[in-house]
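What follows is a single structure, written as structure tokens, with notes after it.
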Amino acid sequence: MRGRKQQMSLEISRALLEETIAELRASPDKEKVILWLGKRGTSEYVVDDIFTPIQITDEDFFRIPEEGMNQLMSHLRNVRKMIVAQIHTHPREAFHSNADDRWAIVRHAGAYSLVLPEFCSTTEKNNFLEMVATFVLNKSNKWKRVSSSNITIV
Ligand SMILES: [Zn+2]
């Protein structure tokens, strides 16, 4: 938004965070991606639903095929929500790979992309903020790592 300098924070309930962790852990040996849907508030994005898209995954890879993108877009129209963050797992360290930069599903400046290590096996709601690697898309269309203190669990 014009004149806005500060990064919008990201707010999620403990219940939706638990649901996210359970979904990601359900794939113990392949990457998995989940989308956090919600609304833009005055200074924060509020997550009010999660969505698991149709995806093709492997040990160090995920991709959403065209049918998955079509299903996602029609779901967003129906529920009138936006994607505020994507969150995916890695087999080992959490970072934003070149493929992650290139194939990110969320593309608006200020959007969040979160990455969890070890297929989420070591992450639980109580250590989530320590485990998660948090990235934000800046106005130059570059993913920058930011502090996970931008995320609030309510
Ligand atoms: Zn990745």
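Whatever order the structure lists them in is the order used to number ligands and atoms, beginning at 1. These numbers come from the heavy atoms of this one structure, side chains and all, not from hydrogens, waters or symmetry mates. Starting from 1, each residue takes its place in the sequence as its number.
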Problem set entry | Residue list, side chain to side chain donor-acceptor pair (under 3.5 Å) with Thr122, at least two apart or on another chain |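 Once residues adjacent in sequence are excluded, Thr122 has no partner under the side chain to side chain donor-acceptor pair (under 3.5 Å) criterion.
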Problem set entry | 2.8 Å cut-off (strict), protein N, O or S atoms about the Zn ion (ligand 1) |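 Counting protein N, O and S atoms closer than 2.8 Å to the Zn ion (ligand 1) gives 4.
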For this session: Sequence neighbours left out, what passes ring pair (Phe, Tyr, Trp, His ring centres under 6.0 Å) with Phe95? Give chain and number order.
Result: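 If we apply the ring pair (Phe, Tyr, Trp, His ring centres under 6.0 Å) test to Phe95, skipping adjacent residues, the hits are His90.
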Is any side-chain heavy atom of [X] less than 4.5 Å from a side-chain heavy atom of [Y]?
X: Glu59; Y: Asp29; result: no
X: Phe119; Y: Glu31; result: yes
X: Asp49; Y: Val79; result: no

Exercise. Should side-chain heavy atoms under 4.5 Å link Ile, Leu, Val, Met, Phe, Trp and Tyr, which residues sit in the same cluster as Leu72?
Worked result: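 Val33, Leu35, Leu37, Phe51, Phe62, Ile64, Met69, Met73, Leu76, Ile83, Ile105, Val106, Val115, Phe135, Leu137, Trp143, listed by chain and number.
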